[in-house]
Undergrad: 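Have a look at this one before I ask anything.
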Number of protein chains: 2
Amino acid sequence: MGTTQLEAAPEPKYWHLKTVISEALDTDFAVGEILPNERELAARFGVARATLRQALEQLELEGRLQRRRGVGTTVAPPRVGVDVSTTQHAWPGAGEESWQAVDSAADTTPAAVLRLLDAKPGETVHAVRRLRVTDGTPVAAELLYVPAGSVPGLDPAAAPEGPARARAVLRELRQLALDGQDRSVELGSARADDAKELDRLPGSPVLVVTTRYLSGGRTAAVSVATYRADTCRLTFGDSGDLAMAS
Amino acid sequence: MGTTQLEAAPEPKYWHLKTVISEALDTDFAVGEILPNERELAARFGVARATLRQALEQLELEGRLQRRRGVGTTVAPPRVGVDVSTTQHAWPGAGEESWQAVDSAADTTPAAVLRLLDAKPGETVHAVRRLRVTDGTPVAAELLYVPAGSVPGLDPAAAPEGPARARAVLRELRQLALDGQDRSVELGSARADDAKELDRLPGSPVLVVTTRYLSGGRTAAVSVATYRADTCRLTFGDSGDLAMAS
DNA sequence: GAGTGGTCTAGACCACTCC
DNA sequence: GAGTGGTCTAGACCACTCT
């Protein structure tokens, strides 16, 4: 026999594995069910554990699985639709019950944020930490940066940090006229602090939503919100029940 | 000496590596510059290649690096801001020069898309493939699903597939009154066909933008657009020059 | 303490690009 | 053919959770 080329499509093992497991999830498992552990799965499929893990990682990235150290791998529920549409000229903290102010500090403002803010050099920037919770589970961690110039009425005698201060900053911000806002979404990996708030490991994939609040011809505030990419689907329209399609 | 616990923070090696390399990218490298190869980097940092790769993978996920098999690892330019705001009541293909219709076929429609479409069971669904190109490089691959009922005027004698057919479907679609649309963004991994169009490996992370076009009280079309997550930043406002902040 | 997923190693071979 | 990143292996140990 000659050099018969039957193996024309050398599909990676982990890719094929992913497909097989994905189909098994559809037919043989219910949401929340625990899969066999990695060592057993690897043995069952006849691959090294690292290869098996590569397949599981992809499925977790696609929101099909959920893995927790010390616990196990479970079948994830469908992603939650989280509304991030610009609620017509609304400052953060105005009637939105899903966000809760957690803290405020004179944090070190990232250079990338400073570039977006129309802040004078050396101007102090308030950093308000907020957490977005739906159905009791945190879905997003936000850092809202507000230059001191945007909240001139802020009581200097107020607490220098903590939740009370955070609410004070938000209250002052609402005094301004909101001219508009623009928003961008990109992929990122969770910083250590965000990961902790979201109950994830540092470096896990997140959707970073950056919002710029415009008032009086300047950028009055910048929000950097970090959404769990595994469990969230960001929605922009009026109907929040779009299903995933990848 | 007792059990002095100086190693209080057992930060993973790859995480620390990532930080070190990230800082080196800021100071010692220019955009487009080629990094030393993985084997040399691993040796230089005194870690196994797999560990080094874990750090590089994260940096690629964050859009800092670009890796191409057979070529090398280069410093990535800042992410491109891609406008995905709902251009006020516009059907796809109306005056948007960034999209080009590539193909049309009676593709197998995914179950998830069928659930979104108000299509009769068994109704044929046209699948139009389009490619979004900015600055000569493809940034997104789209599959636009149009039930036959949405384009009643489509010439039955037209070509059953190919670019000509794609343009015909888009032309017919524009005859309808567009009542509204809603949109969602989520993380996914590139299918083999999308990956090929986007010049990426299958499984690479993508931002999946699902758009539902509403007309006459029904879902007239559904678009599933796959954006390269490494190079793209999706923007929704009017100013497209937001910088990343993660 | 038992069991889970997370990290890490030191190797090997393969697929691809470019010369 | 030389050099690159991509895949895969078979182990080891660590961090965490639950009981």
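Note on naming: letters A, B, ... go to the chains in the order of the sequence lines (proteins, then strands), and numbering restarts at 1 for each one.
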Undergrad: How many whole angstroms separate atom CZ of B:Arg39 from atom P of D:dG5?
TA: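 Going from B:Arg39 (CZ) to D:dG5 (P), I get 7 Å.
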Undergrad: Output the rounded distance in Å from CZ (B:Arg53) to P (C:dG6).
TA: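 Going from B:Arg53 (CZ) to C:dG6 (P), I get 19 Å.
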Undergrad: Please tabulate, one pair per line, each protein N/O and nucleotide N/O from nucleotides 8-11 of chain D that are separated by under 3.5 Å, including the distance.
TA:
residue: D:dC8; atom: OP1; partner: A:Lys13; partner atom: N; Å: 2.2
residue: D:dC8; atom: OP2; partner: A:Tyr14; partner atom: N; Å: 3.2
residue: D:dT9; atom: OP1; partner: A:Lys13; partner atom: NZ; Å: 2.9
residue: D:dT9; atom: OP2; partner: A:Ala48; partner atom: N; Å: 2.8
residue: D:dT9; atom: OP2; partner: A:Thr51; partner atom: OG1; Å: 2.4

Undergrad: Looking at B:Asn37, I'd like to know whether one of its side-chain N or O atoms comes within less than 4.0 Å of OP1 or OP2 on D:dT4.
TA: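 Yes.
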Undergrad: Residues in side-chain contact (heavy atoms from CB on, under 4.5 Å) with B:Arg68, at least two apart?
TA: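 So B:Arg68 forms a side-chain contact (heavy atoms from CB on, under 4.5 Å) with B:Val71.
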Undergrad: Answer yes when A:Arg129 and A:Asp194 have at least one side-chain N-carboxylate O distance shorter than 4.0 Å, and no when they do not.
TA: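 A salt bridge is present here (some side-chain N lies under 4.0 Å from a carboxylate O).
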Undergrad: Return no unless some side-chain N or O of A:Thr73 is found under 4.0 Å from OP1 or OP2 of C:dT4.
TA: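 No, no such contact exists.
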Undergrad: Rounded to the Å, how far apart are B:Ile34 CD1 and C:dC18 C1'?
TA: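 Atom CD1 in B:Ile34 sits about 11 Å away from atom C1' in C:dC18.
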Undergrad: For residues 134-143 of chain B, run the donor-acceptor check on the side chains, cut-off 3.5 Å, and write out each pair with its distance to 0.1 Å, sequence neighbours left out.
TA:
residue: B:Thr137; atom: OG1; partner: B:Thr134; partner atom: O; Å: 3.1
residue: B:Glu142; atom: OE1; partner: B:Arg130; partner atom: NE; Å: 2.6
residue: B:Glu142; atom: OE1; partner: B:Arg130; partner atom: NH2; Å: 3.1
residue: B:Glu142; atom: OE2; partner: B:Arg130; partner atom: NH2; Å: 3.4
residue: B:Glu142; atom: OE2; partner: B:Ser223; partner atom: OG; Å: 2.7

Undergrad: Which residues pass the side chain to side chain donor-acceptor pair (under 3.5 Å) test with A:Glu40, sequence neighbours left out?
TA: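 Once residues adjacent in sequence are excluded, the partners of A:Glu40 under the side chain to side chain donor-acceptor pair (under 3.5 Å) criterion are A:Arg44.
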Undergrad: Taking the inter-plane angle between the rings of B:Phe236 and A:Phe236 on a 0 to 90° scale, is it parallel (under 30°), tilted (30 to 60°) or perpendicular (over 60°)?
TA: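 Ring orientation, 0 to 90° scale: parallel.
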Undergrad: At under 4.0 Å between heavy atoms, what does B:Leu201 touch on the DNA or RNA strands: base, sugar-phosphate, or nothing?
TA: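 B:Leu201: backbone/sugar contact only, no base atoms under 4.0 Å.
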Undergrad: Give me each pair satisfying salt bridge (Lys or Arg N to Asp or Glu O under 4.0 Å) with a member in residues 20-35 of chain A, each pair once, sequence neighbours excluded.
TA: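 Sorted result for residues 20-35 of chain A: A:Asp26-A:Arg64.
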Undergrad: Can you tell me the distance, in whole Å, between the CG atom of A:Leu35 and the C1' atom of C:dT4?
TA: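 Going from CG in A:Leu35 over to C1' in C:dT4 covers 13 Å.
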Undergrad: Could you tell me the separation between the CD atom of B:Glu40 and the C1' atom of D:dA2, rounded to a whole number of Å?
TA: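 Those two atoms, CD and C1', are 16 Å apart.
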Undergrad: Could you state the CG-P distance from B:Leu41 to D:dG3, rounded to the nearest angstrom?
TA: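 Going from CG in B:Leu41 over to P in D:dG3 covers 17 Å.
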Undergrad: Whole angstroms only, please: what is the CD-P distance between A:Glu57 and D:dT7?
TA: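 So the CD-P distance, A:Glu57 to D:dT7, works out to 12 Å.
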Undergrad: List, with names and distances, any nitrogen or oxygen atoms from the protein found under 3.5 Å away from nitrogen or oxygen atoms belonging to nucleotides 15-19 of chain D.
TA:
residue: D:dA15; atom: O4'; partner: A:Arg69; partner atom: NH1; Å: 3.4

Undergrad: Kindly state which residues belonging to residues 17-26 of chain B come within less than 4.0 angstrom of DNA chain D, counting heavy atoms of the residue only, listed by number.
TA: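 Heavy-atom cutoff 4.0 Å gives no residues at all.
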Undergrad: Round to the nearest Å and state the distance from A:Arg200 atom CZ to C:dG6 atom C1'.
TA: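 Going from A:Arg200 (CZ) to C:dG6 (C1'), I get 12 Å.
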Undergrad: Output all residues satisfying side-chain contact (heavy atoms from CB on, under 4.5 Å) with A:Ala221, sequence neighbours left out; order by chain, then residue number.
TA: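 Applying side-chain contact (heavy atoms from CB on, under 4.5 Å) to A:Ala221 gives A:Leu144, A:Val146, A:Leu173, A:Tyr213.
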Undergrad: For B:Gln54, enumerate each residue passing the side chain to side chain donor-acceptor pair (under 3.5 Å) test, keeping only those at least two apart in sequence or located in another chain.
TA: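 With neighbours one apart ignored, the set is empty.
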Undergrad: Can you tell whether the side chains of A:Asp193 and A:Lys196 come within less than 4.0 Å, N to carboxylate O?
TA: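 Salt bridge: no.
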Undergrad: Out of the candidates B:Thr109, B:Leu114, B:Leu117, only one should pair with B:Val222 under the side chain to side chain contact (heavy atoms under 4.5 Å, CB included) rule; please name it.
TA: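 Answer to the side chain to side chain contact (heavy atoms under 4.5 Å, CB included) test with B:Val222 among B:Thr109, B:Leu114, B:Leu117: B:Leu117.
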Undergrad: Does the side chain of A:Arg67 get closer than 4.0 angstrom to OP1 or OP2 of C:dG6 through an N or O atom?
TA: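 Checking C:dG6 against A:Arg67, a side-chain N or O does come within under 4.0 Å of OP1 or OP2.
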Undergrad: Check side-chain contact (heavy atoms from CB on, under 4.5 Å) between A:Asp199 and all other residues, then give those that pass, not counting sequence neighbours.
TA: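 By the side-chain contact (heavy atoms from CB on, under 4.5 Å) rule, A:Asp199 matches no residue at all.
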Undergrad: Regarding B:Arg228 and A:Glu186, does a basic nitrogen lie under 4.0 Å from an acidic carboxylate oxygen?
TA: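 Result for this pair is no, no salt bridge flagged.
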Undergrad: Please identify each residue that fulfils side-chain contact (heavy atoms from CB on, under 4.5 Å) with B:Arg69, with sequence neighbours left out.
TA: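 Listed in chain order: B:Leu201.
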Undergrad: What would the secondary structure line of DNA chain C be in dot-bracket form, counting Watson-Crick and G-U wobble pairs under 3.5 Å, with [ ] for pairs that cross earlier ones and | for pairs with another strand?
TA: ||||||||||||||||||.
Undergrad: Compare every heavy atom of A:Val113 with every heavy atom of A:Val224, then report the nearest pair and how far apart it is.
TA: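 Residues A:Val224 and A:Val113, closest heavy atoms: CG2-CG2, 4.1 Å.
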